[in-house]
Number of protein chains: 2
Amino acid sequence: MTFQKRAHKILELLETYGEVDIRQLANYIGVSEVTVRRDLNSMAAKGLLYRTHGGAMKISDVIKPVSFATKAEVNLKPKDAICKRAAADIIDGDVIFIDCGSTAFRLCQFIKNKNIKVITNSLPVVNELQHSAVTINLIGGEVDVTRQAVHGTMALEHISRYHASKAFLGVDGITAEGLYAGSEHEANNTLAMAAQTSCTYMLCDASKIGKTSYLKFNDLSIVDIIVTNYNGPEVNKFESNGISVYSVTV
Amino acid sequence: MTFQKRAHKILELLETYGEVDIRQLANYIGVSEVTVRRDLNSMAAKGLLYRTHGGAMKISDVIKPVSFATKAEVNLKPKDAICKRAAADIIDGDVIFIDCGSTAFRLCQFIKNKNIKVITNSLPVVNELQHSAVTINLIGGEVDVTRQAVHGTMALEHISRYHASKAFLGVDGITAEGLYAGSEHEANNTLAMAAQTSCTYMLCDASKIGKTSYLKFNDLSIVDIIVTNYNGPEVNKFESNGISVYSVTV
DNA sequence: TCAAATTTAATCATAATTAATCAAAAGTGA
DNA sequence: TCACTTTTGATTAATTATGATTAAATTTGA
């Protein structure tokens with residue numbers, strides 16, 4: 001019985017029952033539980049199924065989080081420290097872009113009392129800033145429910161009509177070679193905002209630095225300032241690219 | 001019983017009842033209350049539900065802006081009857097405008113399963129339709145917090161880029177002489193949407209018929225259909241203006 | 001406001017699952 | 001055949017999930 005044959009059987013069972021457990025599989029296929037475990041792990045790595053404690057589930061049955069508006073996120077401290085530092089640069093009269101990432105969202109709590117105008121495509125940001133001193137300009141276009149954001153051609157056009165003094169953006173990954181995004185939509189928004197801004201801030205917790213993602217969408221030239229809790233060797237490379245790096249401690 | 005399976009059951013119950021309590025869940029699922037508590041906490045962290053003292057609630061029941069929800073509760077039954085009738089005219093493939101009034105908001109509940117595209121400047125409408133079959137296009141511009149809507153030049157321009165088969169609009173008052181709005185912003189939005197629509201529906205409960213407000217912004221020529229629970233003498237005047245009147249009973 | 005009742009968070013113990021290590025078996029290619 | 005890799009299974013230590021217990025926090029009602 002080869003791995004491929006077993007994988008096939010596992011997917012069959014998964015299709016029928018929605019979920020399977022290790023003992024059941026070991027019995028049915030006639031191999032040891034250790035082997036089943038190895039199979040499941042490698043299949044999960046390929047995205048063929050969702051590994052659970054004691055078994056596996058069909059991918060489509062897995063419940064995905066919907067919005068981070070109410071999400072009590074883990075690892076908030078680095079993000080909050082980064083945003084607090086970034087917010088210190090925002091002065092009354094500023095017009096700023098805030099993008100739809102979860103890091104930039106944390107900026108909201110620090111700017112509620114500032115007399116500024118915020119342009120954003122993020123629905124949680126709008127909710128958060130609604131009853132604050134801030135004036136909100138919401139970017140229009142197609143609503144992406146999973147990202148809780150507005151995207152598309154109309155959104156890009158909307159952005160191009162405005163100009164901001166500062167933009168506070170997030171990325172999926174950043175290296176000396178450039179910027180990486182999780183989707184083309186996000187990349188386009190980031191680029192559009194950066195193009196209309198005098199000074200672009202990248203808010204990156206340490207996990208983003210040195211990380212690449214599936215789409216490299218630009219070099220570092222659009223970035224003016226990186227705010228991060230990372231202080232390893234990449235920092236020098238950023239600085240030699242003409243970027244200021246604000247280091248924060250958590 | 002894995003965590004994932006329990007999560008499914010919890011969400012199922014939540015969908016049915018809107019809220020659940022810990023004891024009930026522990027009993028139903030067959031695990032200890034401690035475990036249920038842990039499950040609820042981790043699910044809340046993922047934004048899958050709203051954790052309450054002693055249980056949990058459906059997210060969508062929570063994130064609705066309170067100010068609007070209460071406003072919408074005035075005269076609910078006529079509004080619902082009107083919207084139900086209006087929704088009957090909406091067919092798969094339609095592109096519709098929904099404006100930011102409290103009446104038009106009640107339309108959402110009747111269109112969740114339709115395969116349509118909704119263009120709106122109303123934040124509550126976006127929230128309400130988020131997890132439905134509907135595709136949402138959000139109009140961009142200045143956010144008006146009190147009205148929970150998007151307004152301004154950019155909004156009007158956004159609207160002018162699209163065309164809809166039907167528009168579902170509300171007004172502050174309507175007489176044989178014309179349409180009355182509570183603010184210039186609302187008037188502009190209404191006009192802009194009507195201008196880009198093949199068939200314009202006015203959703204007016206009886207309190208709006210024959211009422212004037214501080215701004216008369218247009219005659220009745222932009223109106224194609226009035227849906228109302230009013231059946232007094234004004235109806236004939238509307239009909240002699242070439243408008244169809246759908247009468248509903250509460 | 002206070003006090004009683006309820007719910008929660010924290011700690012610990014136990015049971016189940018997993019990852020890691022190593023050895024045996026089966027396949028590979030010269 | 002022999003050396004080599006790959007796959008599999010057994011064993012054990014580490015991790016994770018769960019439940020019981022109790023102190024702390026929250027809600028409720030007077």
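Naming: A, B, ... by sequence-line order, numbering from 1 per chain.
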Quick one: which of [options] gets closest to the side chain of [X]?
X     : options               : result
A/V34 : C/dT17, C/dT8, D/dA10 : D/dA10
A/H53 : C/dT8, C/dT17, D/dG19 : C/dT17
A/R38 : C/dA19, D/dG9, C/dT7  : D/dG9

Does [N] have OP1 or OP2 sitting under 4.0 Å from an N or O in the side chain of [X]?
X     : N      : result
B/R6  : D/dA17 : no
B/R23 : C/dT6  : no
B/T35 : D/dT18 : no

Round to a whole Å and report the spacing from [atom1] of [X] to [atom2] of [N].
X     : N      : atom1 : atom2 : answer
B/R37 : D/dA17 : CZ    : P     : 18 Å
B/R51 : C/dT7  : CZ    : P     : 11 Å
B/I29 : D/dA17 : CD1   : C1'   : 15 Å
B/I22 : D/dT26 : CD1   : P     : 16 Å
B/Q4  : C/dT17 : CD    : C1'   : 13 Å
B/L40 : C/dT7  : CG    : C1'   : 12 Å
B/F3  : D/dG19 : CZ    : C1'   : 17 Å
B/D21 : D/dT26 : CG    : C1'   : 17 Å

- Query: So, A/D205 versus A/Y230: side-chain donor-acceptor pair below 3.5 Å or not?
  - Reply: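 Judged by distance alone, the side chains do not pair up.
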
- State whether a side-chain donor-acceptor pair under 3.5 Å links A/N189 with A/E186.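 No - no donor-acceptor pair under 3.5 Å links their side chains.
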
Tell me whether [X] is salt-bridged to [Y], with the criterion being a basic N under 4.0 Å from an acidic carboxylate O.
X      : Y      : value
A/E12  : A/K9   : no
A/E177 : A/K216 : no
B/K5   : A/E19  : yes

- Which is true for B/N41 with a 4.0 Å heavy-atom rule: it touches a base, it touches only sugar-phosphate, or it touches nothing?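 Here B/N41 touches the backbone only, sparing every base.
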
